[in-house]
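Quantities reported herein were computed from a predicted structural model and do not represent experimental measurements. Note: hydrogens, waters and symmetry copies are ignored here, and every other heavy atom, side chains too, is used.
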Amino acid sequence: MRIALVGDRSPSVRSHARIPQILQSLREREGLALDAYWIPTPDATDLEGFDGIWVPPGSPYRSEEGALNAARTARVHGIPFLGTCGGFQHAMLEYARGVLGLDVAHAENDPAARDFLLLPLECSLAGHEGLVRLAPGSLVEQIMGSSTTVERYNCSYGLNADYEQRLVFGGLRFTGRADDGAIRVAEIPGHPFFLATLFQPELHGDGSRPHPVITAFATAVSRAKVAVR
């Protein structure tokens with residue numbers, strides 16, 4: 001099962017350092033062997049041949065278009081997708097532009113833009129953890145087996161609430177929220193598996209046991225591979 005890890009790999013990004021251990025644990029504990037290819041964002045062009053696409057943290061990415069293309073390819077071609085932290089942000093940006101035709105930007109990437117979909121959080125989540133309330137019947141609630149979860153963050157940007165309803169009317173579903181109502185999880189209903197989290201499941205525990213969201217992504221990749229056969 002070949003997955004594209006679209007991001008600018010760096011030893012200084014803690015979540016990147018965790019991923020090899022997570023992949024090993026998926027193989028040993030779950031029998032899910034993912035053949036992962038790290039693809040720098042400037043090279044993230046032809047991704048249709050992968051069985052899954054994962055855009056991990058590490059923004060600002062070297063190429064905004066590369067990160068957007070990863071989300072677009074997964075959305076259009078029905079490829080299982082996981083976007084975490086920066087991956088969440090760029091999945092939302094791709095949907096706003098590609099599906100709704102909105103002329104919006106990410107404030108980290110283009111601070112001189114006119115309208116922003118992603119803005120600095122009033123209180124940075126870098127190094128924090130917090131409660132996330134999960135929507136009943138959502139994919140993420142089914143994955144977690146609970147209506148709440150406590151998750152770790154290393155993030156300073158989030159979704160501009162002014163665009164929430166337009167994204168919902170356009171087909172997105174927001175299925176995880178902080179206590180103040182701020183969005184933490186998004187899904188695309190009807191897609192084989194399209195899940196984006198502002199929190200970083202890569203930082204779960206000590207890395208020896210994959211976060212349920214990552215296990216669910218790997219399982220979806222496996223099922224998609226079998227279906228193709």
Side-chain angles (χ1 to χ4, degrees), residues 2-23 34-77 79-99 102-121 124-127 152-160 163 183-184 186 188 194-203 207 213-214 217 221:
R2 297 172 68 248
I3 67 165
L5 282 165
V6 178
D8 306 312
R9 190 177 188 181
S10 169
S12 66
V13 178
R14 189 177 170 206
S15 61
H16 292 187
R18 280 280 187 91
I19 286 175
Q21 183 181 7
I22 292 169
L23 294 174
L34 299 182
D35 190 8
Y37 293 78
W38 276 95
I39 301 177
T41 53
D43 300 331
T45 52
D46 300 319
L47 304 175
E48 293 87 347
F50 286 95
D51 303 305
I53 297 174
W54 178 356
V55 183
S59 61
Y61 300 118
R62 287 166 54 201
S63 169
E64 178 185 89
E65 181 52 40
L68 295 178
N69 186 58
R72 182 186 308 115
T73 301
R75 176 178 62 80
V76 171
H77 294 280
I79 299 171
F81 175 85
L82 178 61
T84 56
C85 194
F88 166 93
Q89 296 161 20
H90 287 74
M92 298 302 96
L93 186 60
E94 190 285 318
Y95 199 94
R97 290 178 179 175
V99 177
L102 299 178
D103 183 14
V104 288
H106 191 313
E108 184 176 37
N109 302 340
D110 189 3
R114 186 169 57 92
D115 288 317
F116 298 107
L117 184 74
L118 288 310
L119 289 168
L121 296 167
S124 172
L125 291 170
R152 295 183 182 181
Y153 298 84
N154 193 26
C155 182
S156 298
Y157 290 82
L159 192 68
N160 182 347
Y163 284 98
I183 293 166
R184 299 291 185 255
I188 298 180
F194 195 106
L195 187 62
T197 70
L198 196 61
F199 59 81
Q200 295 190 10
E202 300 89 349
L203 301 181
V213 160
I214 297 175
F217 167 69
V221 172

*Asks:* Report the distance from atom CD of Glu202 to atom CD1 of Ile19, rounding to the nearest 0.5 Å.
*Replies:* 5.0 Å

*Asks:* Could you tell me whether a side-chain N or O of His16 sits under 3.5 Å from a main-chain N or O of Pro11, the two making a donor and an acceptor?
*Replies:* no

*Asks:* Does a side-chain heavy-atom distance below 4.5 Å link Tyr157 with Pro60?
*Replies:* no

*Asks:* Which heavy atom of Ala17 sits nearest a heavy atom of Pro20, and at what distance?
*Replies:* O-CD, 3.5 Å

*Asks:* Can you tell me if Arg97 uses its side chain to pair, donor with acceptor, with the backbone of Leu102 under 3.5 Å?
*Replies:* no

*Asks:* May I ask you to test the Asp115-Asp103 pair for a side-chain heavy-atom distance under 4.5 Å?
*Replies:* no

*Asks:* Working note: Val6 + Thr41, criterion side chain to side chain contact (heavy atoms under 4.5 Å, CB included); need CA distance, chi angles, decisive distance, verdict.
*Replies:* CA-CA 6 Å; Val6 178; Thr41 53; 4.1 Å; yes

*Asks:* Minimum heavy-atom separation for Cys155 and Leu121, please, with both atom names.
*Replies:* O-CD1, 3.9 Å

*Asks:* CD1 of Ile3 to CZ of Phe217: how many Å apart, nearest 0.5 Å?
*Replies:* 5.0 Å

*Asks:* Just do the side chain to side chain contact (heavy atoms under 4.5 Å, CB included) check on Phe50 and Tyr37 with the steps written out, would you?
*Replies:* CA-CA 9 Å; Phe50 286 95; Tyr37 293 78; 3.8 Å; yes

*Asks:* Are the side chain of Asn69 and the backbone of Thr45 linked by a donor-acceptor contact shorter than 3.5 Å?
*Replies:* yes

*Asks:* Does a donor on one side chain sit under 3.5 Å from an acceptor on the other, for Ser124 and Ser156?
*Replies:* yes

*Asks:* Answer yes if the side chains of Asn109 and His90 hold a donor-acceptor pair under 3.5 Å, and no otherwise.
*Replies:* yes

*Asks:* With heavy-atom distances below 4.5 Å as the criterion, would you say the side chains of Phe88 and Thr197 are in contact?
*Replies:* no

*Asks:* Using modelled atom types and a 3.5 Å cut-off, is there a donor and acceptor pairing between side-chain atoms of Arg62 and backbone atoms of Pro42?
*Replies:* no

*Asks:* Checking Glu94 against Arg72 for the salt bridge (Lys or Arg N to Asp or Glu O under 4.0 Å) test, could you report, in this order, the C-alpha distance in whole Å, the side-chain angles of both residues, the deciding distance, and whether it holds?
*Replies:* CA-CA 6 Å; Glu94 190 285 318; Arg72 182 186 308 115; 3.7 Å; yes

*Asks:* For Gln200 and Asn154, which I'm curious about, is there any donor-acceptor pair between the side chains at under 3.5 Å?
*Replies:* no

*Asks:* Quick one: pull up CD1 in Ile188 and OH in Tyr95 and give me the separation to the nearest 0.5 Å.
*Replies:* 5.5 Å

*Asks:* Mind checking the CD1-CD1 spacing from Ile22 to Ile214? Nearest 0.5 Å is all I need.
*Replies:* 4.0 Å

*Asks:* Looking at every non-hydrogen atom in both residues, tell me the closest pair between Phe116 and Asn160 and how far apart they are.
*Replies:* O-ND2, 2.9 Å

*Asks:* In Å, rounded to the nearest 0.5 Å, how long is the span from CG of Leu159 to CZ of Arg184?
*Replies:* 10.5 Å

*Asks:* Find out whether the Lys NZ or Arg CZ of Arg75 is both under 6.0 angstrom from the six-membered ring centre of Phe194 and within 45° of the ring's axis.
*Replies:* no

*Asks:* Between Gly87 and Tyr61, which heavy-atom pair has the shortest distance, and what is it?
*Replies:* N-OH, 3.1 Å

*Asks:* Do Ser59 side-chain atoms and Gly86 backbone N/O form a donor-acceptor pair below 3.5 Å?
*Replies:* no

*Asks:* Does any part of the side chain of Ile39, heavy atoms only, come nearer than 4.5 Å to the side chain of Leu47, both counted from C-beta?
*Replies:* yes

*Asks:* Between Glu48 and Arg2, is there a salt bridge with N-O shorter than 4.0 Å?
*Replies:* no

*Asks:* Measure the spacing between CG of Leu198 and CD of Gln89 and express it to the nearest 0.5 Å.
*Replies:* 6.0 Å

*Asks:* Looking at Ala70 and Val55, what are the two nearest heavy atoms and their distance?
*Replies:* CB-CG2, 3.7 Å

*Asks:* Quick check on side chain to side chain contact (heavy atoms under 4.5 Å, CB included): which of Leu34, Ile79, Leu82 does Val221 satisfy it with?
*Replies:* Leu34

*Asks:* Is it true that the side chains of His106 and Glu64 contain a donor and an acceptor less than 3.5 Å apart?
*Replies:* no

*Asks:* Between Leu23 and Ala36, which heavy-atom pair has the shortest distance, and what is it?
*Replies:* CD1-CB, 3.6 Å

